[in-house]
Amino acid sequence: MSRNAIIFHGTGGNPDVVWYPWLDRQLTGRDYRVERPYYPSLNVEPISTFLPRVLDAHSFDADTVLVGHSGGAALLLAVLEHLEAPVAQTILVAGYATRPNDSDEPVLQDVYDWDRIRANGGDMYFINSITDPYGCDATQGRLMFDNLGGTQIVRDDGHFGDYNQPYDTFELIDRLIAPTHPDHNIRPHIPAAGEASVPEIEVDETVAPRPEEEIADIARADVRS
């Protein structure tokens with residue numbers, strides 16, 4: 001069964017900006033069913049009335065990967081808290097859980113049930129910059145990481161895409177999202193008679209061997225003796 005991925009844009013954005021279309025193409029090529037919904041009232045309408053529409057509009061299950069950017073990442077905290085079953089993976093880019101600046105943030109809840117979010121979030125990643133023009137920085141990522149666990153990734157890439165920051169691709173996210181199915185057709189190599197069972201590692205013998213190469217050399221010596 002193929003997985004589905006839902007990519008949530010940020011405040012004032014839309015599904016066709018920055019890296020969202022690129023990630024859609026990448027995942028579609030890997031047999032994901034991808035949704036890029038458009039929510040113009042994101043972070044404008046209060047979360048109490050906005051969230052039910054989001055929950056009703058999508059299916060969330062063990063084969064679902066959620067990706068949110070900025071206000072879309074903040075939205076996913078509320079989504080995860082109110083799911084009836086966990087998803088496979090959640091990636092929050094420039095996300096935040098408290099007001100990151102002086103602007104109103106209707107997308108935020110006053111409090112969060114961190115235990116429930118953790119239980120429903122699957123494999124969680126928090127990607128934030130050291131500095132962010134809107135305050136959605138590594139401090140916000142650390143707050144979520146401290147409450148939810150998972151993996152925090154800190155970069156120095158601003159807001160990871162904005163009206164004045166072209167960010168058409170995002171290879172890191174593509175690498176983080178698991179393949180829909182592993183390749184089980186690759187057969188292990190079985191050494192022929194007289195062939196060493198430990199593979200040769202060195203390419204340039206003028207370079208001092210790494211510790212793992214020395215271990216391999218000892219293993220090969222044992223095989224050949």
Side-chain angles (χ1 to χ4, degrees), residues 2-44 50 54 57-58 60 63-80 87-97 100-101 103 105 107-108 121-142 144-145 150-181 183:
S2 64
R3 283 185 173 180
N4 65 295
I6 311 175
I7 304 169
F8 291 89
H9 63 78
T11 303
N14 68 73
D16 298 319
V17 299
V18 295
W19 42 269
Y20 315 144
W22 175 86
L23 183 60
D24 186 335
R25 293 191 297 271
Q26 294 294 107
L27 296 179
T28 299
R30 292 162 53 190
D31 297 325
Y32 275 80
R33 293 178 287 107
V34 182
E35 300 175 56
R36 283 185 287 140
Y38 179 37
Y39 287 116
S41 59
L42 169 68
N43 214 12
V44 176
F50 180 68
V54 176
H58 307 282
F60 305 91
D63 292 311
T64 301
V65 174
L66 301 177
V67 180
H69 181 210
S70 190
L75 169 65
L76 288 182
L77 294 177
V79 168
L80 292 173
V87 298
Q89 193 173 18
T90 303
I91 301 176
L92 306 183
V93 180
Y96 54 95
N101 50 57
S103 299
E105 293 289 336
V107 72
L108 292 176
D123 193 9
M124 300 194 72
Y125 293 88
F126 312 97
I127 306 174
N128 297 80
S129 285
I130 298 172
T131 59
D132 181 290
Y134 304 107
C136 313
D137 55 20
T139 301
Q140 287 284 346
R142 184 69 188 191
M144 294 184 289
F145 172 78
T151 302
Q152 181 184 17
I153 300 173
V154 178
R155 288 192 161 192
D156 191 11
D157 285 345
H159 200 57
F160 302 100
D162 201 359
Y163 72 95
N164 60 352
Q165 184 193 16
Y167 214 93
D168 296 332
T169 64
F170 207 152
E171 287 82 0
L172 172 61
I173 296 182
D174 189 35
R175 293 195 302 269
L176 292 177
I177 297 177
T180 53
H181 46 75
D183 189 350

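Computation of the quantities below employed the complete heavy-atom set of this structure, encompassing side-chain atoms and omitting hydrogens, waters and symmetry-equivalent molecules. From a predicted model like this one, the values you see are computed outputs, not experimental measurements.
The distance from atom OG1 of Thr139 to atom CE of Met144, rounded to the nearest 0.5 Å, is 11.0 Å. In this structure, Asp168 CG and Trp19 CH2 are separated by 12.0 Å, a value rounded to the nearest 0.5 Å. Rounding to the nearest 0.5 angstrom, the gap separating the CG atom in Leu76 from the OG1 atom in Thr90 is 6.5 Å. Taken from CD in Gln140 to CG in Leu92, the straight-line distance is 11.5 Å, to the nearest 0.5 Å.
Side-chain contact check for Tyr96 versus Val107: some heavy-atom pair is nearer than 4.5 Å. Annotation: side chain of Asp137 is not in contact with side chain of Asn128 (no heavy-atom distance under 4.5 Å). Considering only heavy atoms from C-beta on, Glu171 comes within 4.5 Å of Trp22 through its side chain. The closest side-chain heavy-atom distance from Gln26 to Ile177 is not below 4.5 Å. At least one side-chain heavy atom of Asp174 sits under 4.5 Å from a side-chain heavy atom of Leu27. Side-chain contact between Phe8 and Val54 is present, with heavy atoms from C-beta onward closer than 4.5 Å. For the pair Phe60/Leu66, a side-chain contact is recorded, criterion being any heavy-atom separation below 4.5 Å from C-beta on. Taking the side chain as every heavy atom from C-beta outward, Leu23 and Ile7 approach each other to under 4.5 Å.
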Could you pull out every donor-acceptor pair under 3.5 Å between side chains of residues 153-160 and any protein atom, sequence neighbours left out?
unit_1: Asp157; atom_1: OD2; unit_2: Tyr167; atom_2: OH; d: 3.0
unit_1: His159; atom_1: ND1; unit_2: Asp132; atom_2: OD1; d: 3.2
unit_1: His159; atom_1: ND1; unit_2: Asp132; atom_2: OD2; d: 2.8
unit_1: His159; atom_1: NE2; unit_2: Ser70; atom_2: OG; d: 3.0

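When all heavy atoms of Ala73 and Val93 are compared, the pair lying nearest together is CB-O, 3.9 Å. The two residues Leu108 and Ala74 have their closest heavy-atom pair at CD2-CB, 4.0 Å. Nearest heavy-atom pair across Pro15 and Pro37 is CG-O, 3.4 Å. Looking at every heavy atom in both residues, Gly141 comes nearest to Gln152 through C-NE2, 3.4 Å.
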Step-by-step side chain to side chain contact (heavy atoms under 4.5 Å, CB included) determination, Tyr134 to Thr11 = CA-CA 11 Å; Tyr134 304 107; Thr11 303; over 6 Å; no

Tell me, with the steps shown, if Ile127 and Leu176 meet side chain to side chain contact (heavy atoms under 4.5 Å, CB included).
-> CA-CA 11 Å; Ile127 306 174; Leu176 292 177; 4.0 Å; yes

After noting the C-alpha distance and the side-chain angles of Phe170 and Val18, does the key distance pass the side chain to side chain contact (heavy atoms under 4.5 Å, CB included) rule?
-> CA-CA 9 Å; Phe170 207 152; Val18 295; over 6 Å; no

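In this structure, the side-chain hydrogen bond (donor to acceptor under 3.5 Å, both in side chains) partners of Thr64, at least two apart in sequence or on a different chain, are Asn4, Asp61.
Partner of Tyr20 under the side-chain hydrogen bond (donor to acceptor under 3.5 Å, both in side chains) criterion, chosen from Arg36, His69, His9: His69.
Taking the centre of each ring, Tyr39 and Phe50 come in below the 6.0 Å mark.
At distances below 3.5 Å, not a single donor-acceptor pair connects side-chain atoms of Asp123 with backbone N or O atoms of Gln89.
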